[in-house]
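Below you'll find the structure, written out as structure tokens, and then a few comments.
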Amino acid sequence: MDLKQIPPLHTLRVQRIRATINRAHIFVHSLILLALLYYRASWLFFFLTSHSHSWTLTLTWFLLLTSELSLSFIWLLGSAYRWRPVSRAAFPERLSDDHQLPVIDVFICTADPEKEPPLHVVNTVLSAMALDYPAEKLWVYLSDDGGAAITLYAMREAFSFAKVWLPFCRKYGVRTTCPNAYFSEEDGQIRSAEFLNEREKMKSMYEAFKEQVEKAEEMGLIGDNLNKKAKQDAASLIEVIGQKGLEDHDKMPHLVYVRREKRPTHPHNFKAGALNVLLRVSGLLSNGSYILVLDCDMYSNDPTSAKAAMCFHLDPTLSPTLAFVQFSQIFHNISPNDIYGCQLRDVFKIWWYGCDGLNGPILSGSGFYMKREALYGIAPGMDLPKDLIQSRQWFGSSNELLKTLRPDYKCNAENGVQSNGLLQEAHFLASCNYETGTKWGKQVGFFYDSVVEDIMTGIRLHCRGWNSVYYNPPRPQFLGSAPINLNDVLVQYKRWSSGLLEIAFSRYSPLPYGIMSGHSILHTMCLSYSASMPFYCVFGLCYATVPQLCLLNGISLYPKVSDPWFAIFLAVFISGSCQHLFEVLHTGGSFRMWWNEQRIWMVKSISANFFGCLDIATRMIGVKRVDFGLTNKVIEKDQVDRYSNEEFDFQGASLILVPVVTSSMLNMVALNGGVWRVIAEGNYSELMVQLSLTLFIIICSYPIIEGIVIRKDAARVPPLITFLSIICTMVLLSLGFIVLAM
Ligand SMILES: O=c1ccn([C@@H]2O[C@H](COP(=O)(O)OP(=O)(O)O[C@H]3O[C@H](CO)[C@@H](O)[C@H](O)[C@H]3O)[C@@H](O)[C@H]2O)c(=O)[nH]1
Ligand SMILES: [Mn+2]
């Protein structure tokens with residue numbers, strides 16, 4: 001048959017108009033930036049060389065040049081995302097028969113039954129079990145780092161519930177296969193009486209299942225495992241759920257509960273460590289060629305994702321170098337205009353499309369189908385080590401695991417796992433000593449050098465020669481929940497910032513590493529951009545303080561309104577803002593969302609990014625240990641109300657908020673002082689930019705100022721934070737007066 005007549009499994013379209021607009025903008029914006037930097041540098045040079053040079057001016061201009069240079073450099077790296085955006089379509093219905101599909105292992109991670117309620121976790125498990133994929137080829141693994149009896153109990157109950165839930169979903173073509181989500185939304189379609197009847201029955205069965213888990217929780221099944229020590233010090237426990245009735249597996253995927261061994265003396269490497277244990281245990285039990293990774297707070301929202309991913313993985317032209325297919329992450333609980341910028345709009349609606357037009361998106365933690373072989377430490381097309389000694393150095397001493405690496409290996413778990421002693425070996429693979437002296441976490445599996453293991457792993461796979469694909473079909477394939485309280489948001493960003501800095505300062509820092517591994521320059525820029533984001537704090541901190549302190553002291557840092565160079569500063573501001581606004585509107589956002597994103601970018605850069613830098617600095621000098629800072633997923637009703645009203649929630653605010661509150665206070669003082677000075681001295685034109693900048697920051701900070709001065713409710717800025725920020729503001733003001741008066 002003529003190959004051209006076979007309908008393709010997927011298609012790719014380059015977004016030409018977007019690419020052209022983007023490239024034109026990159027060109028214009030680069031020219032403006034160059035002019036601005038020239039202006040700043042030439043004056044700085046003049047100050048340095050003139051006889052009567054003032055140290056104060058030299059210092060302030062140096063600070064501004066540094067911050068403007070850093071921002072321009074980060075912008076330049078990020079412009080690679082806009083170079084060649086593409087979009088894809090997949091046609092899973094064109095896949096040939098089910099018999100040829102490979103085995104898929106689904107990995108779901110949970111780490112704490114208090115912050116991640118077991119009922120939510122098993123909802124994610126159920127949604128994954130209901131993927132539209134041959135049941136005997138689907139294995140679902142849950143890694144329980146919380147080591148809680150209640151989670152295991154909930155898994156067993158979930159397996160029983162799945163026996164009725166999966167047939168129901170299949171019979172009626174239910175797409176929302178996460179029961180909690182399904183029963184909290186209306187079906188919306190006109191359905192038969194039989195269906196409505198069954199749905200009601202199913203609902204009451206779900207309620208009964210839910211009650212059972214909640215009752216167990218109340219009865220204390222959650223048990224003594226909850227205390228911190230037990231979480232750090234526990235033996236491994238692996239259970240293949242529902243194995244006794246093998247007949248179940250005609251229609252049911254396998255479900256495996258894995259609790260790895262943890263000892264206080266052994267670093268457990270957080271999620272990456274958990275995933276690597278799953279990689280080994282699953283290698284032994286099912287050895288799926290592909291792996292779907294899900295966080296416990298992100299459920300499958302469309303059963304077709306597995307087959308859609310296979311459209312790419314099974315395409316012989318893509319497959320040899322394709323490591324993973326990344327799906328978009330959509331968060332179901334985002335407020336109408338996304339006050340905290342948690343939907344990661346730029347990542348999933350702009351950047352990954354752009355990366356996909358180069359070598360593919362960076363790994364994003366959850367919602368991706370990964371080729372197992374890509375995680376085994378080799379470049380595409382290379383063979384795994386054949387020599388036994390070398391294999392053991394890479395993969396550890398389990399002969400059973402090593403056998404699974406052979407190309408002719410036949411999985412022997414088909415006949416039941418418990419019977420053939422494999423479980424014992426699985427415990428060995430989940431023990432905390434197993435990785436000692438091996439390449440796990442360094443070359444094999446998910447990488448340990450950063451708490452953002454996803455980005456780290458993605459960068460290293462790309463630099464090793466693997467590619468990836470981004471797929472974002474109209475119906476969200478995976479839905480997650482985002483934090484809805486400012487402190488949780490900032491703590492999450494702080495972890496990401498420190499993790500990204502770990503990458504930036506590691507041997508795998510993407511810019512040198514990408515260039516040295518011969519990776520494409522544009523894609524290296526994309527990889528480097530992600531690792532450079534924490535450095536936004538240089539610009540943020542400088543622009544929130546230096547021009548303001550100078551304004552108070554009557555020092556002008558920008559050209560006069562009448563000076564032609566003034567237009568350059570205005571043009572940078574307009575060009576940057578317009579591009580951002582255009583992208584927000586183009587990706588379905590509103591004007592309000594654009595404004596919110598501007599604000600939260602400022603907030604995050606001076607708090608989370610700055611604290612990320614401090615975190616790394618304290619770790620480097622050995623004062624602090626690495627911490628994951630799990631995101632809290634238990635949400636109170638009043639928090640939800642505040643969030644849906646788009647009201648800032650400062651409850652539980654920690655020190656991380658101090659820079660934000662300090663900056664708001666400082667800018668208010670500066671604006672008042674600046675206005676007085678301008679009125680008194682009439683140097684309006686000279687200080688115009690500084691006055692406008694200060695006013696802009698104040699308008700952006702309105703919810704924070706409101707939280708300090710006006711609000712009296714429980715979610716206002718806590719008085720302690722206000723107090724600390726007053727002290728910081730006073731220190732900054734005094735420093736400003738002392739230094740600038742020199
Ligand atoms: O020691 C740990 C810590 C975390 N987790 C799991 O890791 C996942 C992500 O944790 P979460 O607190 O939800 O962090 P987020 O910031 O929401 O996660 C984002 O950032 C992480 C990297 O920091 C990525 O791994 C995630 O995929 C990405 O969604 C959850 O399923 C946790 O249960 C573990 O299994 N073991
Ligand atoms: Mn999460």
Side-chain angles (χ1 to χ4, degrees), residues 103-113 116 118 120-122 124-126 128-129 138-159 162 225 230-243 249 252-263 266 268-288 290-296 366 370 372 375 395-396 398 400-401 404 411 413 416-418 420-435 440-441 444-446 453 628 630:
V103 174
I104 294 183
D105 294 334
V106 183
F107 294 177
I108 300 169
C109 293
T110 183
D112 185 332
E116 303 176 331
H120 292 195
V121 176
V122 292
T124 302
V125 170
L126 284 163
M129 289 176 81
L138 191 62
W139 287 64
V140 179
Y141 293 84
L142 178 81
S143 152
D144 180 16
D145 269 354
I150 181 70
T151 309
L152 177 55
Y153 174 79
M155 284 279 281
R156 291 186 188 134
E157 290 300 311
F159 189 81
N225 284 317
K231 260 195 271 171
Q232 297 306 325
D233 199 0
S236 61
L237 174 66
I238 298 174
E239 183 171 318
V240 181
I241 295 175
Q243 263 286 309
H249 292 293
M252 291 276 284
H254 293 71
L255 185 59
V256 186
Y257 172 90
V258 179
R259 182 187 298 172
R260 57 180 164 147
E261 186 192 8
K262 277 192 171 174
R263 300 293 170 210
H266 282 75
H268 61 78
N269 299 305
F270 314 106
K271 184 181 164 193
L275 288 174
N276 284 344
V277 168
L278 287 186
L279 203 56
R280 295 195 290 271
V281 171
S282 68
L284 195 69
L285 301 186
S286 47
N287 203 30
Y290 297 95
I291 289 153
L292 163 65
V293 175
L294 288 178
D295 287 345
C296 61
S366 183
M370 171 74 79
R372 179 180 285 269
L375 289 172
F395 298 98
S398 163
E400 291 300 320
L401 181 68
T404 69
C411 189
V417 174
Q418 252 116 354
N420 55 19
L422 279 185
L423 266 189
Q424 216 173 342
E425 192 71 8
H427 279 280
F428 174 48
L429 292 172
S431 65
C432 58
N433 276 321
Y434 186 80
E435 292 183 350
W440 283 99
V444 175
F446 291 85
E453 76 302 318
F628 192 89
L630 202 67

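For this chain, numbers begin at 1 and follow the sequence in order.
Contact check for Y141 versus Y257: no side-chain heavy atoms found under the 4.5 Å cut-off. Contact check for N433 versus R263: no side-chain heavy atoms found under the 4.5 Å cut-off.
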Item to complete: Give the intermediate values and the outcome of side chain to side chain contact (heavy atoms under 4.5 Å, CB included) for residues R260 and V281.
Response: CA-CA 10 Å; R260 57 180 164 147; V281 171; over 6 Å; no
Practice prompt. Go through the steps for L142 and T151 under the test side chain to side chain contact (heavy atoms under 4.5 Å, CB included), then give the verdict.
Written response: CA-CA 10 Å; L142 178 81; T151 309; 3.8 Å; yes
Practice prompt. Decide side-chain hydrogen bond (donor to acceptor under 3.5 Å, both in side chains) for S282 and R372; before the verdict, give the C-alpha distance in whole Å, the side-chain angles of both, and the deciding distance to 0.1 Å.
Written response: CA-CA 10 Å; S282 68; R372 179 180 285 269; 2.7 Å; yes
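Here CD1 of I238 is found 9.0 Å from CG of L278. Values are rounded to the nearest 0.5 Å. Here the straight-line distance linking atom CG of L279 with atom CG of L284 works out to 12.0 Å at 0.5 Å rounding. Taken from CD1 in I291 to CZ in F107, the straight-line distance is 4.0 Å, to the nearest 0.5 Å. In this structure, the separation between CG on L630 and OG1 on T110 is 7.5 Å, given to the nearest 0.5 Å. Taking CD1 of I108 as the start and CE of M155 as the end, the distance is 7.5 Å to the nearest 0.5 Å. Rounding to the nearest 0.5 Å places CD of E435 at 4.0 Å from CZ of R280.
Residues passing the side-chain hydrogen bond (donor to acceptor under 3.5 Å, both in side chains) test with S236 are H427, sequence neighbours excluded. Every residue two or more places apart in sequence or in another chain that forms a side-chain contact (heavy atoms from CB on, under 4.5 Å) with S398 is listed here: E400, L401, E425, F428, L429, Y434. By the side-chain contact (heavy atoms from CB on, under 4.5 Å) test, A162 is found to be paired with L126, M129, L166, M252, residues two or more places apart in sequence or in another chain being considered.
Counting only distance, with no hydrogens or angles, the side chain of E261 and the backbone of C432 share a donor-acceptor pair below 3.5 Å. Side-chain atoms of K271 do not come within 3.5 Å of backbone N or O of E453 as any donor-acceptor pair. A donor-acceptor pair is defined here as one N or O able to donate and one able to accept, closer than 3.5 Å; no such pair exists between the side chain of D295 and the backbone of S366. Under a 3.5 Å cut-off, the side chain of N276 and the backbone N or O of F446 do form a donor-acceptor pair.
When all heavy atoms of P113 and G146 are compared, the closest pair comes out as CD-CA, 4.1 Å. Here the closest non-hydrogen pair linking L294 and A128 is CD1-CB, 4.3 Å. Contact between D105 and G288 at its shortest, heavy atoms only, is OD2-N, 2.8 Å. When all heavy atoms are compared, the tightest approach of V121 to C296 is CG2-CB, 3.9 Å. In terms of heavy-atom proximity, P253 sits nearest to L138 at CB-O, 3.2 Å.
Between W139 and H254, the ring planes lie parallel to each other; the angle is under 30°, not in the 30° to 60° tilted range.
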